[in-house]
Amino acid sequence: MTGMTTADDYIWLRERHAPLMHAYCVTLVREIAPERLLQELGAVEDIRVTGVGALCEPSYDSWDKYGGDPLFVGVAAVGDWSLMVEHNGYLGVTGNLMLPISRGRTVVSHFRNVNAVDRFYWFEDGETRLRFEPLFAHTRTGSHADQLLTEMRESGFDLRKGDDRSHHLHTDAAFALAHRLTGVRLTPELFESLPFVCGAVPVP
């Protein structure tokens, strides 16, 4: 585990990237180049853009054209990792797509849609180590479901059961937990400057 960021460190996402936070999927895949990841996902490479904000318009243009299949994704290299960003997508939390990608690798992905349905996944070498809903983090599944309890609390998740648990910043906490798992800290500067290679991925 690396890094000590918390949910408070990612409030900037809602301020600077409101369209993304309205409905997003963010995925980190270790030791694979962006172009190779697109190939393994079965994508047709399309355009290249700079910055997360530039992914919004082509993403929704793709939705208007294809109705959600295929889904538009942007992938950029961040050190030894590939960062895949989806506006209004969910491929990163689709197990039958990402489990094969995770063989020999680590994949960490989280998602939220317009109805506040959310997911967090940690895939490792072809298995699901952790799966939970950030809004209901007290319920978890996976082969290592309880391994990250300390990291989850420190990230900002309320793991208590019952109606009195806090729902504050649970989406932001997902970004903090992903940082602790991967060592990749997402920053405003990174989101503005990353060069993305983009493509359309068929929905399995």
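Computed from a prediction, not measured in an experiment: that's the story for all the values here.
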_Using side-chain heavy atoms (C-beta onward) and a distance below 4.5 Å, is L194 in contact with T50?_
no

*Does the side chain of F132 come within less than 4.5 Å of H138's, by heavy atoms?*
no

_Cationic N near anionic O, under 4.0 Å, R140 to D146_ = yes

*asked:* For the backbone of P58 and the side chain of S62, can you confirm whether one donor and one acceptor N or O come within less than 3.5 Å of each other?
replied: no

*Just jot down the side chain to side chain contact (heavy atoms under 4.5 Å, CB included) partners of R14, sequence neighbours excluded, or say none.*
I11, M21, L169, D172

*Indicate the atoms forming the closest heavy-atom contact of A145 with L130, along with that distance.*
O-CD1, 3.5 Å

*asked:* Do Y24 and H110 pair up side chain to side chain, a donor and an acceptor below 3.5 Å, judged on atom types alone?
replied: yes

*Show your reasoning for whether ring pair (Phe, Tyr, Trp, His ring centres under 6.0 Å) applies to F157 and H170.*
CA-CA 6 Å; F157 290 108; H170 63 278; 7.9 Å; no

_Cluster check V107, V201: I/L/V/M/F/W/Y, side chain < 4.5 angstrom_ = yes

*What about V26 and V29, same hydrophobic cluster or not, with Ile/Leu/Val/Met/Phe/Trp/Tyr joined at side-chain heavy-atom distances under 4.5 Å?*
no

*Under 3.5 Å: donor-acceptor pair, side chain of T94, backbone of L97*: no

*Going by atom types alone, do R180 and S155 pair a side-chain donor with an acceptor below 3.5 Å?*
yes

*Student check: side-chain heavy atoms of E151 and L177 closer than 4.5 Å*: yes

*Take L55 and F72, measure what side chain to side chain contact (heavy atoms under 4.5 Å, CB included) needs, and give me the verdict at the end.*
CA-CA 9 Å; L55 296 171; F72 182 88; 4.1 Å; yes

*More than 12 non-hydrogen atoms from neighbouring residues, nucleotides or ligands closer than 6.0 Å to OH on Y66, yes or no?*
no

_Using 0.5 Å steps for rounding, measure from the OG1 atom of T139 to the CG atom of L135._
11.0 Å

*Supply the atom-to-atom distance T27 OG1 to E86 CD, rounded to the nearest 0.5 angstrom.*
5.5 Å

*Is S82 close to L37 at the side-chain level, that is, under 4.5 Å between some pair of heavy atoms?*
yes

*Do H179 and V184 have side-chain heavy atoms sitting under 4.5 Å apart?*
no

*Heavy-atom pair of closest approach, residues A7 and A176*: N-CB, 3.9 Å

*Taking all non-hydrogen atoms of both residues into account, name the closest pair between V114 and A23 and its distance.*
CG1-CB, 3.8 Å

*Hey, mind stepping through F120 and M152 against side chain to side chain contact (heavy atoms under 4.5 Å, CB included) and telling me if it holds?*
CA-CA 11 Å; F120 188 103; M152 290 177 71; over 6 Å; no

*Smallest separation among heavy atoms of H87 and W63, with atom names*: O-NE1, 4.0 Å

*Exam field: side chain D69 to backbone V203, donor-acceptor pair closer than 3.5 Å*: yes

*Atom of G104, atom of D125 and distance for their closest heavy-atom approach*: N-OD1, 2.8 Å

*What residues form a side chain to side chain donor-acceptor pair (under 3.5 Å) with R119, not counting sequence neighbours?*
none

*Please determine if R16 and E192 form a salt bridge, counting it only when a charged side-chain N lies under 4.0 Å from a carboxylate O.*
yes

_Worked check of side chain to side chain contact (heavy atoms under 4.5 Å, CB included) between L181 and L148_ = CA-CA 9 Å; L181 267 167; L148 302 180; 3.8 Å; yes

*Could you tell me the separation between the CD1 atom of I32 and the CH2 atom of W81, rounded to the nearest 0.5 Å?*
12.0 Å

*asked:* So does G92 get a backbone contact from the side chain of S109, meaning a donor-acceptor N/O pair under 3.5 Å?
replied: yes

*Over all heavy atoms of both residues, which pair between F123 and S102 is shortest? Give the atoms and the distance, please.*
CB-CB, 3.7 Å

*Between the main-chain N or O of L99 and the side-chain N or O of R103, is there a donor-acceptor pair closer than 3.5 Å?*
no

_According to a hydrophobic-cluster definition based on side-chain heavy atoms being under 4.5 Å apart (Ile, Leu, Val, Met, Phe, Trp, Tyr only), do V73 and F111 belong together?_
yes

*Verdict with supporting geometry, N113 and Y90, side chain to side chain contact (heavy atoms under 4.5 Å, CB included)*: CA-CA 8 Å; N113 72 9; Y90 53 86; over 6 Å; no

_Residue that, paired with F191, satisfies ring pair (Phe, Tyr, Trp, His ring centres under 6.0 Å) out of Y10, F175, W12_ = W12

*Would you say V52 and L190 make side-chain contact, with heavy atoms under 4.5 Å?*
no

_Starting from V108, can I reach Y121 by hopping between I/L/V/M/F/W/Y residues whose side chains sit under 4.5 Å apart?_
no

*Connected via hydrophobic side-chain network under 4.5 Å: V197 and I101*: yes

_Taking the basic N atoms (NZ, or NE/NH1/NH2) and the acidic carboxylate oxygens, is any pair closer than 4.0 Å for R129 and E127?_
yes

*So, do V93 and R131 sit near enough that their side-chain heavy atoms are less than 4.5 Å apart?*
no

_Whether the side chain of E133 engages the backbone of V117 through a donor-acceptor N/O pair (distance < 3.5 Å, no angle test) should be reported._
no

*Judged by modelled atom types alone, do T171 and R112 share a side-chain donor-acceptor pair under 3.5 Å?*
yes

*asked:* Quick check for you: to the nearest 0.5 Å, what is the distance between D64 atom CG and S59 atom OG?
replied: 11.0 Å

*Under a 4.5 Å cut-off applied to non-hydrogen side-chain atoms, are T128 and T141 in contact?*
no

